[in-house]
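Input: a single structure, listed below in structure tokens.
Every chain is numbered from 1 and lettered A, B, ... according to where its sequence line falls, protein lines coming before strand lines.
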Amino acid sequence: MSEQAMTPRSTDFSGWYQDVIREAELADYGPVRGTMVIRPYGYAIWEHIQRNLDRRFKETGHVNAYFPLFIPYSFLQKEKEHIEGFSPELALVTVGGGKELEEPLVVRPTSETIINYMFARWVKSYRDLPLLINQWANVVRWEMRTRPFLRTLEFLWQEGHTAHATYEEAEAEARRMIEVYRDFAEGDGAVPVIVGRKSRLETFAGAIHTYTMEAMMGDKRALQAGTSHNLGQNFAKAFDIRYLDEHNELQHVWQTSWGLSTRFVGAIIMVHGDDHGLRLPPRLAPVQVVIVPIWRNEAQRTAVLATVGRVQQLLAEAGIRVEADVRAQHTPGWKFNYWELKGVPVRVEIGPRDVESQTVVLARRDVPGKAGKTTGIPVEGVAERVRELLAEVQTALFEQARAFRDAHIHDVRSYDELRDVVAAGGWARGWWAGSDDDERRIKEETRATIRCFPFDQPEGDGPCLMTGQRAQQVAIFAKAY
RNA sequence: CGGGGCGUAGCGCAGUCCGGUUAGCGCGCGUCGUUCGGGACGACGAGGUCGGAGGUUCAAAUCCUCUCGCCCCGACCA
């Protein structure tokens with residue numbers, strides 16, 4: 001690790017982002033352009049994301065399965081919009097075992113086609129529905145411009161795929177899952193999100209509705225942090241997924257798909273990080289508490305390490321993820337900086353003075369310097385106090401991010417106002433009844449897109465900021481990753 | 001794919017314009033000693049086909065040609 005080598009967040013956000021990833025050892029570049037190695041510390045964050053999402057999926061009745069990486073090319077061609085949306089970024093396998101393949105295989109960019117091919121074999125009766133399946137997998141999309149965690153040629157995600165008897169059930173499922181994502185993002189990630197529906201232009205290739213949660217990064221750009229699609233009967237018709245209803249009539253199923261990826265790690269970095277590095281929400285932090293011992297001589301070292309061991313035991317028994325940094329080759333000050341860079345939410349300092357009084361010093365990562373320190377916490381009460389502090393940090397990170405976001409969302413009544421807000425980096429919210437072409441024009445001229453029509457809408461209606469016509473809903477415009 | 005930048009030790013870089021002993025510096029790494037309440041210090045040490053291939057030259061990290069790759073900014077996208 002280089003010394004104070006991190007680019008300040010305010011001067012160069014993109015440079016800072018890459019520095020955090022490197023210095024906190026979250027990821028490294030792979031040998032192939034656009035690929036990324038997720039290092040153990042970064043992967044541990046992903047594992048906590050997985051654990052928390054998976055629990056929610058199971059609680060809502062879903063089960064996990066696994067489908068093949070290779071998909072016959074013809075499968076993708078079955079749904080017209082789907083292939084149009086994905087063909088520019090497909091990776092194809094044309095040779096296998098030294099022989100030219102009769103039909104190229106697609107390395108899955110998403111699994112609707114292969115999963116629905118299987119669904120068609122599995123679904124026969126209304127009694128087989130709903131079918132609620134999730135898979136944890138890697139997918140490949142040959143993107144032009146890549147960025148660690150946010151956009152790489154290969155990424156990890158989960159993709160839920162469901163089949164239902166009615167439109168209403170599918171719609172309810174799509175909405176339920178975007179709310180599951182919201183609950184996870186805000187509750188565990190401390191990432192405040194705006195949930196809503198995508199415009200027609202931004203709707204997933206092959207879906208009839210796409211729901212999204214949009215988060216504001218530290219540079220005020222938007223990040224689509226998770227999506228849920230109502231696929232209607234598009235794939236059901238393309239793959240002939242039909243069931244016999246209770247009146248003995250054949251019906252096509254109604255479907256959803258929904259996904260959240262390792263991109264969310266990028267969101268955590270960009271929402272919470274500061275000039276000292278990463279700041280992890282306690283509920284997703286691989287290490288929630290680090291203990292840093294302080295000593296001057298051998299006698300002190302022995303005494304301090306005994307107390308360190310005791311505190312570590314108390315915290316571990318309380319179910320807190322704790323690590324003691326007992327390395328002799330680094331000074332306490334070095335360790336403070338190291339673990340701050342890694343984003344560990346709470347630090348316990350234990351030195352000779354603490355041993356004598358049988359207390360410890362607590363420092364919270366979200367409040368820098370001395371202001372974040374509390375001294376004189378009794379050893380025997382440390383677990384309870386740390387648990388409270390972790391909860392406080394979790395809340396504080398969320399509130400901070402929400403205040404930042406809300407301060408940068410502005411209501412606009414005209415295109416000029418929208419332009420000003422977007423140029424200043426903020427999000428613009430305004431009544432919208434424009435056409436696809438109006439939306440494209442805004443994108444070309446301002447580089448901002450409609451992030452969503454939020455579920456949370458104001459009362460009544462208003463004049464469209466672009467056309468002046470009566471608009472039924474407000475849209476949020478922002479530059480996005 | 002367009003514009004820009006860069007490939008020299010594990011990492012970050014200097015040296016390249018203007019060719020010249022043995023290719024340097026900082027960090028990191030190893031050993032030993034002193035240190036340790038906000039990124040300690042000393043001594044010694046290990047580590048390089050200068051991205052690759054041709055060419056020019058008495059002599060190439062440096063000049064020429066070709067090539068490969070990466071990063072950043074755009075268009076496209078989770």
Side-chain angles (χ1 to χ4, degrees), chain A residues 1-7 12-15 17-19 22-23 25 28-36 85-90 109-110 138-159 181 198 201-202 204-205 210 212-215 222-229 257-267 276-277 292-298 300-301 304 325-341 347-355 360-361 363 368-370 372-373 375 443-444 447 449 479-481:
Chain A
M1 188 176 61
S2 58
E3 194 163 337
Q4 272 133 17
M6 223 154 46
T7 308
D12 175 5
F13 194 82
S14 180
Y17 177 74
Q18 292 178 76
D19 286 352
R22 188 185 62 245
E23 298 294 320
E25 299 171 356
D28 206 344
Y29 296 103
V32 175
R33 176 199 73 87
T35 62
M36 171 181 76
F86 279 103
S87 68
E89 52 190 53
L90 291 180
T110 180
N138 58 336
V139 286
V140 169
R141 298 180 187 180
W142 219 261
E143 303 286 355
M144 287 308 201
R145 171 111 165 67
T146 60
R147 212 188 263 273
F149 289 112
L150 302 181
R151 185 167 300 105
T152 47
L153 294 197
E154 176 188 2
F155 58 93
L156 305 184
W157 74 350
Q158 58 69 217
E159 46 181 325
Y181 285 152
K198 284 288 187 190
L201 286 183
E202 302 280 334
F204 176 75
T210 288
T212 178
M213 59 173 180
E214 300 285 324
L223 185 77
Q224 181 174 306
T227 49
S228 177
H229 315 292
S257 68
W258 25 275
L260 185 147
S261 73
T262 36
R263 163 180 270 199
F264 200 84
V265 176
H276 301 284
V292 176
I294 299 150
W295 65 73
R296 287 173 190 282
N297 53 50
E298 198 52 34
Q300 286 181 347
R301 179 174 173 272
V304 164
D325 188 352
V326 298
R327 290 178 291 180
Q329 70 266 36
H330 295 298
T331 63
W334 188 93
K335 291 175 184 174
F336 294 169
N337 286 285
Y338 175 82
W339 290 104
E340 280 171 8
L341 180 49
R347 180 179 71 237
V348 177
E349 302 172 16
I350 302 176
R353 295 201 295 267
D354 304 298
V355 171
V360 301
V361 177
K370 283 233 162 69
K373 286 200 192 190
T375 57
K443 185 174 183 178
E444 274 165 34
R447 291 179 39 219
T449 49
K479 291 183 195 169
Y481 275 98

[X] side-chain proximity, nearest of [options]:
X: A:Gln18; options: B:G39, B:G37, B:C71; answer: B:C71
X: A:Lys443; options: B:C76, B:C71, B:G37; answer: B:C76
X: A:Arg447; options: B:G37, B:A75, B:C72; answer: B:A75
X: A:Ser14; options: B:G38, B:A40, B:C72; answer: B:C72
X: A:Arg33; options: B:C71, B:G38, B:C36; answer: B:C71
X: A:Glu340; options: B:G38, B:G37, B:C76; answer: B:G38
X: A:Lys373; options: B:C72, B:C76, B:G38; answer: B:G38
X: A:Trp334; options: B:C36, B:G38, B:A40; answer: B:A40
X: A:Met144; options: B:C36, B:C72, B:A75; answer: B:A75

Open item on the list: What contact category does A:Thr227 fall into here, base, sugar-phosphate, or nothing, at under 4.0 angstrom with non-hydrogen atoms?
Closed with: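 It contacts nothing in the nucleic acid.
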- [ ] Looking at every strand, decide which applies to A:Gly351 at a 4.0 Å heavy-atom threshold: base, sugar-phosphate, or nothing.
- [x]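 Here A:Gly351 touches the bases of the nucleic acid.
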Just the rounded figure in Å: distance from [atom2] of [N] to [atom1] of [X].
X: A:Gln329; N: B:G33; atom1: CD; atom2: P; answer: 15 Å
X: A:Asp19; N: B:C11; atom1: CG; atom2: C1'; answer: 12 Å
X: A:Leu150; N: B:C71; atom1: CG; atom2: P; answer: 14 Å
X: A:Leu201; N: B:C76; atom1: CG; atom2: P; answer: 11 Å

For the [atom1] atoms, the ones on [N] and on [M], what distance do you get once it is rounded to whole angstrom?
N: B:U21; M: B:A61; atom1: C1'; answer: 16 Å
N: B:G10; M: B:A46; atom1: P; answer: 16 Å
N: B:G51; M: B:A59; atom1: C1'; answer: 23 Å
N: B:G33; M: B:G15; atom1: P; answer: 40 Å
N: B:U8; M: B:C70; atom1: C1'; answer: 15 Å
N: B:C32; M: B:U49; atom1: C1'; answer: 34 Å
N: B:C1; M: B:G20; atom1: C1'; answer: 43 Å
N: B:A9; M: B:C25; atom1: C1'; answer: 12 Å

Distance in Å, [X] [atom1] paired with [Y] [atom2], rounded so as to fall on 0.5 Å steps:
X: A:Thr152; Y: A:Phe155; atom1: OG1; atom2: CZ; value: 7.0 Å
X: A:Arg22; Y: A:Tyr29; atom1: CZ; atom2: OH; value: 8.5 Å
X: A:Asp354; Y: A:Ile294; atom1: CG; atom2: CD1; value: 7.0 Å

TODO: Find the partner of B:G28: check Watson-Crick (N1-N3 plus N6-O4 or O6-N4) and G-U wobble (N1-O2, O6-N3) distances, both under 3.5 Å, and reply none if neither fits.
DONE: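 B:G28 is paired with nothing.
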- [ ] Could you please name the partner base of B:G38, counting Watson-Crick and G-U wobble pairs only when both distances are under 3.5 Å?
- [x]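 By the stated definition (distances under 3.5 Å), nothing pairs with B:G38.
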Open item on the list: Heavy-atom nearest nucleotide on RNA chain B for A:Thr331 versus A:Phe149: which residue maps closer to 5'?
Closed with: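 Mapping each residue to its closest nucleotide by heavy atoms, the 5'-most match is A:Thr331.
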TODO: Using the closest heavy atom to pick a nucleotide of RNA chain B for each, name whichever of A:Ile294 or A:Pro148 lands nearer the 5' end.
DONE: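 This one resolves to A:Ile294.
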TODO: Report yes or no: is there a donor-acceptor pair, N or O only, under 3.5 Å between the side chain of A:Lys335 and the base of B:G37?
DONE: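 Counting by modelled atom types and ignoring angles, no donor-acceptor contact under 3.5 Å is found here.
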Open item on the list: Using a distance-only criterion (donor-acceptor N/O pair, under 3.5 Å, no hydrogens), is the base of B:G12 paired with the side chain of A:Arg22?
Closed with: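 There is none.
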Task: Any A:Asp325 side-chain heavy atom under 4.5 Å of A:Trp339 side chain - done: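 Of all side-chain heavy-atom pairs linking A:Trp339 with A:Asp325, at least one is under 4.5 Å.
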Open item on the list: Less than 4.5 Å apart, side chain to side chain, heavy atoms only: is that true for A:Gln18 and A:Arg147?
Closed with: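 No, side chains not in contact.
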